[in-house]
Peer 1: 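Mind having a look at this structure? Questions to follow.
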Amino acid sequence: MATVKRYEDCASRLENRGYHPPTREYVDGLVEAMRRSGVEACWHSAVDPDCRALFPSKVIPNCHKDANFESFHYLIGRLHEIGRPVLSWYSLSHCIGLTEKHPDWQVVPMADESIPVPGRTSPEHLKRWCCVNTPYGKILPEFAAEVVRDVGFDGIWFDGASLADVSATNPGCLCAFCHERFHDDTGLELPTRADFSSRAFRLWINWRYERLMDVWKRIADTVHAVKPEATICFNNSRHRYENFPRWTTGIPMKKLGWDVVMAGELSLQVLQADFQIKMHRAYGCRRGAESWMPLCDHWNLWVPDIEPLPLEQGAVAALSAGGVASMGIGAHPKDVIGTLAAVQKAAAPLIPYKDGETVRYAAIWVSQQTQDFHDQLGRQFSWDAYHGANELCLHAHLQSSIVLNGTASRIETRSGFLFPMR
Ligand SMILES: [Zn+2]
């Protein structure tokens, strides 16, 4: 049996998911694709896309009709035989196994038309979203522990790790649990509209950050209590190109310093890997930084003859900034071996340089307050400024750092020079 490589040391990482427990035929094909492409790490999913358990969970027993452990033990065993670690995908804000039993645990979005979001939520669509301020927030860490302890995954990649729905843009939550908890914590009534002149609304933005980070932290601590080496990744869903207010996610921009991987998604903007990875690194998490990119030439048009060059560039850009790109595919891995192999070949030689130092005299200060309270509901000017400052540094061949609130004063004192953003 080969030694299983540490996920955090892997130069290439491949996303897969399932609607049902994995079949032997699928697993055998996946293992063949991993061997032939050289890709070093893998994800699958212990749950379906609505986060219904595909194994017989004791914590959330409302599981898939074919739920079993054997399929996963075969999947994980075969991948471990060839030295590949495998994480489970899980969308943190989904749990249809609970919302079917407890409809009052569903996220209730702040459906204020003044919040510019790409889409509104239908009642059917909302069924899978479960609010972390309900008892779900206590149950989820125990479910995550089952995934690594009983199913045997090497960790969990938390997608949808926001307090919102519709790709992290439509902010929640106005459920009865949130109303009660907000009132208990602040003495104020929970606001029902986005009103920046309201003290309660401004407090609510920061309260959501605290509530969501409490759940993230308890997930990491509970998983590490049963498997200290397990890898926990959180997707912070922070894109540049989407023009919605970033406070909607409920994910703060501050140093966390936890024993997790801070992750995000590049989607098709692979050359923004430099900035995005440095943003992740600014969280100070000890297991590193990762950004996801899809193996398609146009969004959701998954084809086997994907052009590899942009993906190779994305992988190199991520490593140059100190992180690793992961890859998602919409086809069987066997159909895209050439592209997977190209990314692996580009990324692997750069791993020894991943943890290099940035220059000590230039940093870009990305301010939570500027994002939330200057941009408010309008165009996200602060993000254009942050990216512009980063481009300036890159064109001058200066690999700068990004600093978040709470770290800027230390950098200022040490270096005396900071790119002031506002
Ligand atoms: Zn709620």
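Each residue takes its place number in the sequence, starting with 1. Atoms within a ligand are numbered from 1 in the order they appear, just like the ligands themselves.
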Peer 1: Mind checking whether Trp43 and Trp157 have ring centres under 6.0 Å apart?
Peer 2: yes

Peer 1: Do Cys42 and Asn16 come close enough that some side-chain heavy atom pair is under 4.5 Å?
Peer 2: yes

Peer 1: Under 2.8 Å from the Zn ion (ligand 1), how many protein N/O/S atoms do you get? Just the number, please.
Peer 2: 4

Peer 1: Kindly say whether Ile156 contributes a backbone atom to a donor-acceptor pair with the side chain of Ser88 at under 3.5 angstrom?
Peer 2: no

Peer 1: Checking Asp384 now: which residues fulfil salt bridge (charged side-chain N to carboxylate O under 4.0 Å, His left out) with it, not counting sequence neighbours?
Peer 2: Arg240, Arg379

Peer 1: Would you say Gln368 and Leu404 make side-chain contact, with heavy atoms under 4.5 Å?
Peer 2: no

Peer 1: Do Phe55 and Phe143 have ring centres separated by under 6.0 Å?
Peer 2: yes

